[in-house]
Amino acid sequence: MTWQATVLTLFPGMFPGPLGQSLAGRALEDRLWSLDLRDLRDYGLGRHRTVDDTPFGGGAGMVMRPDVVAAAIRDVMAGGRPVIYPTPRGRQLRQEDVRRLSGGPGVVVLCGRYEGVDERVLEACAVEQVSIGDYVLSGGEMAALVLLDSCVRLIPGVMGSDASGAEESFSDGLLEYPHYTKPASWEGRDVPDILLSGHHAAIARWRQTESETATQVRRPDLWAAYRRRTGQDMSDPVSPAADPDRLH
Ligand code: ADE
């Protein structure tokens, strides 16, 4: 069954955008996933096809009307697919969410503009609110592209080498180790000797340590969760390997 993405937006021209290129673009051509775009304006009211109105209680900006948004959601026959509303008010999107969404039948993504969407339609249609980070975008479209990209690349057959999906950052709760390629010496900087040694077990150990160090220094939140999950004491001092100056 094709993984099915439906996007409800006032700016359908923003899609597929970057998702029409590279891995996601090829997978779209190969029908490993489908993209159904719905212009929210088509569900607008009256001669002007109005989709928004002023907020009750006053204040700046406009709010998308619940009746318009509900008509669009109900028209797309979500059919078991979750309806996702990207918003900075949402729960943070994590790789485990991406795995869950990618493993299901697909998603319906509701893109908001203006100040947002009337809260009642989010409740009535059991919409999942998701944030892609603690910053504010001018609308949900860019976040929808991010969400879809993260899901599509996990669809079986989309990535060239399946190993790269399992090994990368977050799959085990750690950041990835650093990568190097030719030339072995470049502008006075040498690739770490161990990577040229051919000792696979030693290389694997080095990479694990590098992953742990990067996580410890850059993402103490992930490091604490990793230590809890792997049952290690959290009161350990920072490892001497964790020299922040080595990480850029
Ligand atoms: N819409 C606007 N900002 C957003 C964010 N940070 N995450 C998800 N959707 C958004």
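Counting starts at 1 for both ligands and their atoms, in listed order.
Remark: ligand 1 and G133 share an N or O pair separated by less than 3.5 Å (distance only, no angle test). Inclusion of Y135 in the set of residues having an N or O under 3.5 Å from an N or O of ligand 1 is warranted. Residue A143 places no N or O, backbone or side chain, under 3.5 Å from any N or O of ligand 1. Taking distance alone, with nitrogen or oxygen atoms compared against 3.5 Å, L137 approaches ligand 1 more closely than that limit.
The same ILVMFWY cluster, assembled from side-chain heavy atoms under 4.5 Å apart, contains both V117 and V83. W186 and Y180 fall into different hydrophobic clusters, where Ile, Leu, Val, Met, Phe, Trp and Tyr residues are linked whenever their side-chain heavy atoms come under 4.5 Å apart, directly or through other members.
Side chains of P18 and D149 form no contact here, defined as non-hydrogen atoms less than 4.5 Å apart.
The backbone and the side chain of P88 each have at least one atom closer than 4.0 Å to an atom of ligand 1 (non-hydrogen atoms only). Only the backbone of V130 comes within 4.0 Å of ligand 1, counting heavy atoms alone; no side-chain atom from C-beta on gets that close. Residue contacts with ligand 1 for T87 involve N, CA, C or O but no side-chain atom from C-beta outward (heavy atoms, distance under 4.0 Å).
When only modelled atom types and interatomic distance are considered, Q129 and T87 share no side-chain donor-acceptor pair under 3.5 Å.
A donor-acceptor pair is defined here as one N or O able to donate and one able to accept, closer than 3.5 Å; no such pair exists between the side chain of S131 and the backbone of G90.
From M159, atom CE reaches atom CG of L154 across 5.5 Å, with rounding to the nearest 0.5 Å.
The shortest contact between atom 7 (N) of ligand 1 and any protein heavy atom is with I132 N, 3.0 Å.
Between D97 and R94 there is no salt bridge, since none of the side-chain N atoms of the basic residue sits less than 4.0 Å from a carboxylate O of the acidic one.
Annotation for ligand 1: atoms under 4.0 Å from non-hydrogen atoms of S131 are 6 (N), 7 (N), 8 (C).
Using a 4.0 Å cutoff on heavy atoms, G139 counts as a contact of ligand 1.
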